[in-house]
Structure formats: structure tokens, C-alpha cells
Colleague: 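Here it is, the structure in full.
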Amino acid sequence: MKNMLPYSLLMGWVLMFCANFSIAQTDTLINRNLGEIDVIAKRNQRQFTMVQSITQNEIKIAPTTDIASILRTFSGTNVKDYGGVGGLKTVSVRSLGASHTTVEYDGVPVSDIQAGQIDISRFELNNVAEIKLSVGQDDNLLKPAKFFAGGATLSINSFDGLQTSNQKIKIGIKTGSFGLFNINPSFSKYISKRLKINILANYMRSDGTYKFKLNNYNTQTIEKRKNSDINSYKLELNLNYYDSIRKEFKFKTNAFYSNRGLPGSVIFYNTIANERLKDKDFFVQTSYKHRVFNCFTTKLIAKYSYAGSFYTDKNVKYSSGILHQDSKQNEIYFSWANLLQISNGLSFSLSQDYSNNLLNSNITDRKPIRNTFLTAANLRYTPNNIFSITTNAVQTIVREKTDNGNHFPNLEKISPSAGIIICPLEFWTIRLFYKNTFRVPTFNELYYTTLGTTNLKPENAREFNIGNSFNIKNYDFSIDIFRNYVTDKIIAIPTLYIWKMSNYGHVEITGIDFNAKRTYNLTNATLNVSADCSYQKAIDITDNKSKLYKSQIPYTPKISGSFSCYFSYKKNSMGLSSFFTSKRYFLEYNIPDNEIEKYADFSFSMAREFFVKKTSFFAKFSCLNFTNKQYEIIKYYPMPRRQFRIELEFLL
């Protein structure tokens, strides 16, 4: 009977949805629909580069669990997922590597100077208004220099909870498979005519004990993922002040704590997993934008962040029986951006960033301090609606020091880029861009005990792209052809006794991204169908005499894509989405023993919004991976199979 509960709930949802079609009655309550569902991965037809996004209404309807599941439906992305609710999740765009993806939260960069890549599992979907992924850079010139310096930008914009009413209290509750329980209350109110406050909290827990099949030659057993639990807490305060359209001030402070188990890779006959990770993060950020004159706008950003990571592993292989690795990061960040409209069609922007990063960790006695100065200059010329060109240059200056020992040498480098838009017809847009970016080695790559090497060079990337977009009535098509080159790639290679970081790899990436969307507007209903597909040939061209020459780099599928179909009728909605990935390799040698099998994941959801007096209720049922497919994104880290989610939201 216990296993029948999800199916009983699903049947009840189907009957409730169908009842709305068969029973005609007068609705005396407030009529509030979910709104139209736009394409799950849409893009602006006038963008210089490929931009994909999803809005809050789309997120509410889609059968998704986290940001990682959304990004898998974006073309050109490669999400590394170690499984489970609290598993590490990072995103790489067009095979450049996760460290080349800049993450921003409400317009301010998020950084991890120690590891160099952001764990996107720390961002919940509960308060997200929009998720946007830009390859190269988007059309916004008034932004920090750091966004011009990255190969791709992932933007996460939160929702302040205020639209039409003066005060709102929202309570969201989620429950589902693997002991999931999540509650996220929020409160929003206008303190004055121009000042509003938003306070939100989030608590989540899950035991993470999902089942998986373990194949050992001719024997197959059903095992459970162990030590995959998570408990996390989040508290956030937002203050937003608007003075007409000329002044805007935003203040945000966020505290986050999590305690999770790390299940590790699946090893035959060994189920021991005692690794634990605690994260204690805090940041406070402010931004001020002022349109001084009609032709001049300035924007100031300031941020302080602290990130504490505390890792433990109980194992007899350690002399004391337990290993402790503690790391504490502190960052001070400032940005000043200015935009000048020189004349009709000619714009110039100048951004200056400064960041100070400090790492205090027991994995190294160096205590590195890094000071980074970024300057970005942009010039855009748009003489008419047919043609536009943008040129950009980013200067990077790095000054680093340590308490003792060698440190990363001083660095000064200029990175150029350029983009062109041509619109020969109203429905047809051609875009071209070139961008040169690089990333500085992380603190772990430079100073990690026995592994780090201080003489590393920056990892360089060059991006070339040509794309076409067509918008004909309710049809949208986009196709982009790109080629990327990554040189001085930083990898770990074995030496006589231990592994060391080294600049060794050279990678060539050639690919095609395709997006298509069709919208059907029916009587009292809307149907949206979209599809995305990406082809990437990412090969190692380091040494033409090596056996690895022209082999596909690890964890990069040649073909990946997604399909989604969303239908809404009055206050009801249904959604079906899927994403697929071809086979790939987890090691450099492209042989059958190193293959990870292809997979396709299918999920669906049903949602309904209704009102009782002045209270709005939103209910959603989701079945994820309903084909019960077992697959791996990272080798030996099985992903969950079929799972269920129930979401309730109350808006007072």
C-alpha cells in the first residue's frame, strides 16, 4: 500500500484537472491565471550572443527539482552532477570548463577563489524570478567588468514578492521521495511609497537513500545510496528603494548553513561512507544605480562575503582515525560601472572592479592573498535597425602574496572581444562574435598540499560564433555554429610519486546549437512546444604523436538536447520535459571500458491554482524520471531513479 500512495495522488490530480473541463459553473472568485508559458529556453532576437532563459511562471509549471535540472535543458551546457539532493553540481558551457562560467546573483558576481567553480545546488528555486545563461556576453553594457571577462554568464535573479498588493506572506512546502521536506516562508511589504522589504527563509532536509542497481559481472543487486543526507538553512533580507526611474538602491544579506554527507563513488563490496561536509556562508551586498543625465548612468556595487568549508573523513588509513580539512575564504569586492550615450547610435561604457581574496586553510600554510583589478571598456555603434557592432577590451591585473614560500607571479593581460548584428529582414537576425578570455589558477591548483604548483600559467580560451535567428509569427528558430580553443589547460598529471598540477592540455571544440519553438494560442488555452539540440566535438590536440590525439575530452557528449511541451487551460497546467545525452568517456582514452552509457530522462508535472476568499493556493505534482531509468552523469555516482514531488504554496 505504501508504494501505491504516489499513484493514488497522481490519479487524484488527473481527476481534479479533468473535472475543470466537464463541469461548467460561474466563478465568483478572483480570476487569476498562471499566465502564458513562454519557451523554456528562449532568446532575444537582437542579442549579440546566444542567450537562454526561463522565468518564474515557467519554473512553477515545469517538472524540475533544482537549477541543475533546468540548465540541462539549455543547449550547449554540460552539468556535472554527483547525485542526490545535496550533491555537488557545476555547469560548463560549450566545453570551456566550469571555471570559465561566471555566476551572478541579482547582478553581483559569486566567487569561489579556492576551487574556482560555483556549486549551483546552493541556489533554490523558491524565490527565483529568472534564470538566464549568456554565451560570451549579453547586450547589457552597464555591468561589472567581471561579467565581460568570463566565457559565459549564469544569471540568477530573485523575486521580491511584490507586484500589485502592499503586503504579501507566502509559504511554500515541498515533500517527496527520499525523505524530502522543504519549507520556505517569505514576507514582503512596502515600508514607504518607494522602499520595500523582503524577508525569506528556507529549510530543507533529505535522507537521500535512493535505490540503485549495482552490476558486478553477471550479478545484479539492488543497493541504497548511503551517507547522502542533507540539512540546510537559509535566511535572506532584501531592501529595494526606487526613486522614479533615475535612482535605484538594492541591499541584500544572506546567511546559509548546510550539513551533508558525501556518499562517494560506488565501490564493489565496500559500502563505508563517512565523509561529511559543513558549509557556513554569509554575504552582504549593495548596489546603487543613478541615471544622472539622460545620456549618462552610473552604477556602484559593494560586497563582502565569507565562505567556510569544514570537511571530515573517518577512516583507519589516517593516523588519528579522522581527517579534518577546514577552509575559510574572505572576499571584499567593489565595482563601478558607467554608461555614456555619446550620440544617437553610439554608446560607451567603462567598468572598474577590485577584489581582495584571502584563504585561511589547514591544507596549506601559505595563507594566500590575491588582489585583482579588472577594467572593461566597451564601444557600441548602432546607426540603424539593420546593423550594430560592439567592441570590448578587458584589462586584468593580479597581485598575489603568501605568508611563506613561492606565490603566483604578478599578472597583467588584455583580452579583446567583438560582436556584430545584421538584420537583413525584420524576422531574420545574423550575429557574429569573437571573444578572448582566460582564467587565473585557483588557490587549490596553486597551493594545495603536495598537489599545487605556483608556476602555472593562466588557462586561455578563444571563442568564435556565427548564429542565425528567425522569428516568424509563432515560430522561433535559432542555430549557432561555434569553435573554441582552450590552451595551457590546467590538469593534474602524475609525476614520480605524486600528482601535480600542470599546463598541459590544448583542446579544440567545434559545435552547433539549435533551438526551435512553436506557440499555439487556443481558446482559453496555450500550448508551447520547444526543442533544443547541441553537437560538440571537443578533442585533445595537445600532441599529435600521442594516443590521446583527437580523442573526445572526458565527460563531454557529442550530442545532447531537450524537449518540452507545456499546456495551460484557465487555472490548470500540465508539463512534459525530457533531456538526453549520448555516450561519453570518463577518462582520456576513448575505449569501450571508459564509456558512460547514453541516457534520456523524462519528467511530467500537473499544477492548479485556486482561491479561497483572499488566499491564493498553488498545488503541483511532479513525477521525475518516470521511466525509472538508471544513469550516471559522473562515473560511479548513480543518479536517482523515479521520484515524486508534491508542492503547495499559500499566498496571503
Side-chain angles (χ1 to χ4, degrees), residues 53-73 79 81-91 103-106 108 110 112 118-133 154-161 168-188 198-206 208 228-238 252-260 277 279-283 285 305 307 603 605 607 618 620 622 624 640 643 645-651:
S53 66
I54 180 172
T55 63
Q56 186 197 40
N57 287 338
E58 299 162 359
I59 293 171
K60 288 180 67 175
I61 296 172
T64 56
T65 57
D66 51 26
I67 291 180
S69 60
I70 290 174
L71 293 178
R72 290 191 197 105
T73 66
V79 178
D81 192 333
Y82 290 79
V85 177
L88 175 69
K89 299 170 177 62
T90 61
V91 59
V103 178
E104 67 165 298
Y105 186 36
D106 282 343
V108 181
V110 181
D112 185 341
I118 305 301
D119 181 5
I120 57 177
S121 68
R122 298 186 182 185
F123 299 95
E124 306 90 7
L125 290 174
N126 306 319
N127 199 51
V128 170
E130 183 186 38
I131 298 171
K132 183 170 69 174
L133 182 67
L154 172 62
S155 304
I156 302 171
N157 300 313
S158 64
F159 178 63
D160 61 19
K168 287 186 179 180
I169 298 175
K170 184 172 71 172
I171 300 175
I173 300 174
K174 295 181 185 179
T175 187
S177 304
F178 321 133
L180 173 68
F181 176 75
N182 178 217
I183 183 169
N184 45 88
S186 65
F187 170 77
S188 303
N198 174 236
I199 303 174
L200 61 97
N202 187 83
Y203 168 72
M204 182 182 68
R205 61 90 50 200
S206 173
S228 187
D229 61 295
I230 183 172
N231 278 272
S232 68
Y233 307 83
K234 174 184 174 181
L235 183 63
E236 183 173 292
L237 168 67
N238 294 277
K252 179 190 292 287
T253 183
N254 179 294
F256 173 82
Y257 170 82
S258 72
N259 184 351
R260 52 181 163 174
L277 180 65
D279 292 301
K280 299 178 181 179
D281 299 346
F282 169 80
F283 71 81
Q285 66 186 40
S305 63
S603 302
S605 62
F618 176 80
K620 177 181 173 182
S622 300
L624 310 172
Q643 53 183 304
R645 291 284 189 275
I646 297 175
E647 302 177 33
L648 299 174
E649 186 178 282
F650 310 87
L651 186 62

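Values below: every heavy atom of this structure, side chains too, minus hydrogens, waters and symmetry copies.
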Colleague: Verify, without hydrogens or angle tests, whether Asn182 (side chain) and Ile173 (backbone) share a donor-acceptor contact under 3.5 angstrom.
Modeller: no
Colleague: Holding to side chain to side chain contact (heavy atoms under 4.5 Å, CB included), I want the full list of residues that pass it with Thr90, two or more places apart in sequence or in another chain.
Modeller: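 Result, side chain to side chain contact (heavy atoms under 4.5 Å, CB included) vs Thr90: Lys80, Leu88, Ala98, Gln117.
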Colleague: Quick check: does any side chain N or O of Ser258 sit under 3.5 Å from a backbone N or O of Asn231, one acting as donor and the other as acceptor?
Modeller: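 Pair absent, no side-chain N/O of Ser258 close to backbone of Asn231.
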Colleague: So how far is it from Asn127 CG to Lys170 NZ, rounded to the nearest 0.5 Å?
Modeller: 5.5 Å
Colleague: Which residues satisfy the salt bridge (Lys or Arg N to Asp or Glu O under 4.0 Å) test with Asp112, sequence neighbours excluded?
Modeller: none
Colleague: Can you list everything that forms a ring-ring contact (aromatic ring centres under 6.0 Å, His included) with Phe283? Sequence neighbours excluded, please.
Modeller: none
Colleague: Does Met204 reach the side chain of Glu124, with side-chain heavy atoms less than 4.5 Å apart?
Modeller: no
Colleague: Sequence neighbours excluded, which residues qualify as salt bridge (Lys or Arg N to Asp or Glu O under 4.0 Å) partners of Arg205?
Modeller: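 So Arg205 forms no salt bridge (Lys or Arg N to Asp or Glu O under 4.0 Å) with any residue.
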Colleague: If the condition is side chain to side chain contact (heavy atoms under 4.5 Å, CB included), which residues does Thr253 pass it with, not counting sequence neighbours?
Modeller: Leu237, Phe251, Phe282, Val284
Colleague: Could you work out, with salt bridge (Lys or Arg N to Asp or Glu O under 4.0 Å) as the rule, every residue matching Glu236, not counting sequence neighbours?
Modeller: Lys234, Lys252
Colleague: Got a sec, which residues hit ring-ring contact (aromatic ring centres under 6.0 Å, His included) with Phe181, two or more places apart in sequence or on another chain?
Modeller: none
Colleague: Is the shortest side-chain heavy-atom distance between Ile156 and Ser158 below 4.5 Å?
Modeller: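 With C-beta onward as the side chain, the pair stays apart.
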Colleague: Calculate, to the nearest 0.5 Å, the distance between atoms CD1 and NZ belonging to Ile54 and Lys60 respectively.
Modeller: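 Interatomic distance, Ile54 CD1 to Lys60 NZ, rounded to 0.5 Å: 13.0 Å.
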Colleague: Please assess Asp106 against Asn157 for the test side chain to side chain contact (heavy atoms under 4.5 Å, CB included), listing each intermediate value before the final yes or no.
Modeller: CA-CA 5 Å; Asp106 282 343; Asn157 300 313; 4.1 Å; yes
Colleague: Taking only residues two or more places apart in sequence or in another chain, which ones pass side chain to side chain contact (heavy atoms under 4.5 Å, CB included) with Ser605?
Modeller: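 Side chain to side chain contact (heavy atoms under 4.5 Å, CB included) list for Ser605, sorted by chain: Pro63, Lys620, Ser622.
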Colleague: Rounded to the nearest 0.5 Å, how far does CD1 of Ile230 lie from CZ of Phe178?
Modeller: 14.5 Å
Colleague: Mind checking what makes ring-ring contact (aromatic ring centres under 6.0 Å, His included) contact with Phe256, not counting sequence neighbours?
Modeller: none
Colleague: Answer yes or no: is there a side-chain heavy-atom contact under 4.5 Å between Arg260 and Ser121?
Modeller: yes
Colleague: Considering residues at least two apart in sequence or located in another chain, which fulfil the side chain to side chain contact (heavy atoms under 4.5 Å, CB included) criterion with Val79?
Modeller: Ala68, Leu71, Arg72, Val91
Colleague: If you compare all heavy atoms of Leu200 against all heavy atoms of Asn198, which two are closest, and at what distance to 0.1 Å?
Modeller: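 Looking at all heavy atoms of both residues, the closest pair is CD2-OD1, 3.5 Å.
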Colleague: Roughly how far, to the nearest 0.5 Å, is the CD1 atom of Ile131 from the CZ atom of Phe123?
Modeller: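 So the gap between those two atoms works out to 10.5 Å.
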Colleague: My understanding is that only residues two or more places apart in sequence, or in another chain, count here; which of them pass ring-ring contact (aromatic ring centres under 6.0 Å, His included) with Tyr203?
Modeller: Tyr233
Colleague: Run the salt bridge (Lys or Arg N to Asp or Glu O under 4.0 Å) test against Lys174 and tell me which residues pass, sequence neighbours left out.
Modeller: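 For Lys174 there are no salt bridge (Lys or Arg N to Asp or Glu O under 4.0 Å) partners, ignoring immediate neighbours.
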Colleague: What are the two closest heavy atoms between Thr64 and Ile59, and how far apart are they?
Modeller: OG1-O, 4.1 Å
Colleague: Would you give the length of the straight line joining atom CZ of Arg122 to atom OG of Ser232, rounded to the nearest 0.5 angstrom?
Modeller: 11.0 Å
Colleague: Taking atom CG of Asn126 and atom CD1 of Ile171, what is their separation to the nearest 0.5 Å?
Modeller: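 Between atom CG of Asn126 and atom CD1 of Ile171 there are 13.0 Å.
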